[in-house]
Amino acid sequence: MTAPGSQGAEPRAPGTGPAHPARDDTFSSRILRVAGPLVEITCPATVAMHDTVVLGADRVPGEVVAIRGDTATVQAYEYTGGLAPGHPAEPEGRPLSVRMAPDLLGGVFDGLLRPLAGAGDFLTSGSGGVPDRRSWQFTPRVRA
């Protein structure tokens with residue numbers, strides 16, 4: 001399946017291609033165009049389909065849904081008002097994922113798996129979750 005406007009594009013599978021560069025000032029992408037929730041960015045060769053991207057100063061989260069040449073189309077997961085051509089875009093070098101852990105049980109989360117408990121009536125844009133550095137003991141009880 002290809003995204004609209006991506007005919008003839010060479011698909012890249014998640015996790016394929018060269019290693020993603022470290023985040024620094026020498027590696028940057030820029031927003032080229034904003035059309036509602038779709039944002040086109042300059043696309044380094046290391047960007048793959050389904051990689052996550054943060055857009056603009058508010059760090060709006062999104063996911064690469066199409067790649068054509070040196071342009072990637074990103075589906076933004078939050079309001080794109082305020083984003084404009086020339087603003088920064090930061091490919092994160094990994095697909096959207098969730099860490100499986102005991103604290104998921106019984107929780108209420110949004111589509112990006114951010115906890116909604118205590119979030120109030122409105123969610124703030126660009127409010128990415130804090131990385132969870134906790135670990136849990138796991139001992140398998142069945143042999144595979």
Side-chain angles (χ1 to χ4, degrees), residues 1-138 140 144:
M1 177 173 32
T2 59
S6 65
Q7 293 178 1
E10 295 180 24
R12 298 183 206 168
T16 61
H20 295 280
R23 293 182 204 158
D24 62 23
D25 293 337
T26 61
F27 178 76
S28 65
S29 288
R30 294 282 171 200
I31 293 174
L32 300 172
R33 183 171 78 112
V34 180
L38 294 179
V39 179
E40 289 184 351
I41 66 169
T42 56
C43 177
T46 55
V47 170
M49 288 293 296
H50 310 293
D51 274 0
T52 54
V53 178
V54 289
L55 304 164
D58 288 338
R59 301 187 59 76
V60 174
E63 177 180 1
V64 175
V65 295
I67 299 172
R68 185 177 184 106
D70 61 353
T71 302
T73 302
V74 175
Q75 168 72 52
Y77 291 131
E78 293 179 353
Y79 180 61
T80 57
L83 292 179
H87 286 180
E90 183 181 339
E92 294 191 309
R94 58 184 161 71
L96 185 62
S97 62
V98 59
R99 182 172 182 203
M100 302 306 287
D103 58 343
L104 291 177
L105 297 174
V108 178
F109 305 92
D110 72 359
L112 296 174
L113 212 63
R114 296 175 292 196
L116 295 178
D121 293 335
F122 296 99
L123 299 176
T124 57
S125 181
S127 59
V130 175
D132 189 351
R133 304 283 186 229
R134 296 179 292 174
S135 63
W136 287 268
Q137 181 67 30
F138 173 72

Among D70, L32, I31, the one residue meeting side-chain contact (heavy atoms from CB on, under 4.5 Å) with T42: L32

Separation of Q75 CD from E63 CD (nearest 0.5 Å): 8.5 Å

V47 vs V64, side-chain contact (heavy atoms from CB on, under 4.5 Å): CA-CA, chis, key distance, verdict: CA-CA 8 Å; V47 170; V64 175; 3.7 Å; yes

Non-neighbouring partners of R30 that pass side-chain hydrogen bond (donor to acceptor under 3.5 Å, both in side chains), sequence neighbours left out: none

Note, L55 side chain near V74 side chain (heavy atom, < 4.5 Å): yes

Contact summary for Y79 and V60, nearest pair of heavy atoms: O-CG2, 3.9 Å

Pairwise side-chain contact, I41 with V53, heavy-atom cut-off 4.5 Å (strictly under): yes

Side chain T52, main chain R94, donor-acceptor under 3.5 Å: yes

Salt bridge (charged side-chain N to carboxylate O under 4.0 Å, His left out): pairs with one or both residues in residues 31-47, sequence neighbours excluded: R33-E40

side-chain hydrogen bond (donor to acceptor under 3.5 Å, both in side chains) involving T80 - partner list, sequence neighbours excluded: none

Any side-chain heavy-atom pair of C43 and S29 under 4.5 Å: no

Taking every non-hydrogen atom, the tightest pair across P95 and D51: N-OD1, 4.0 Å

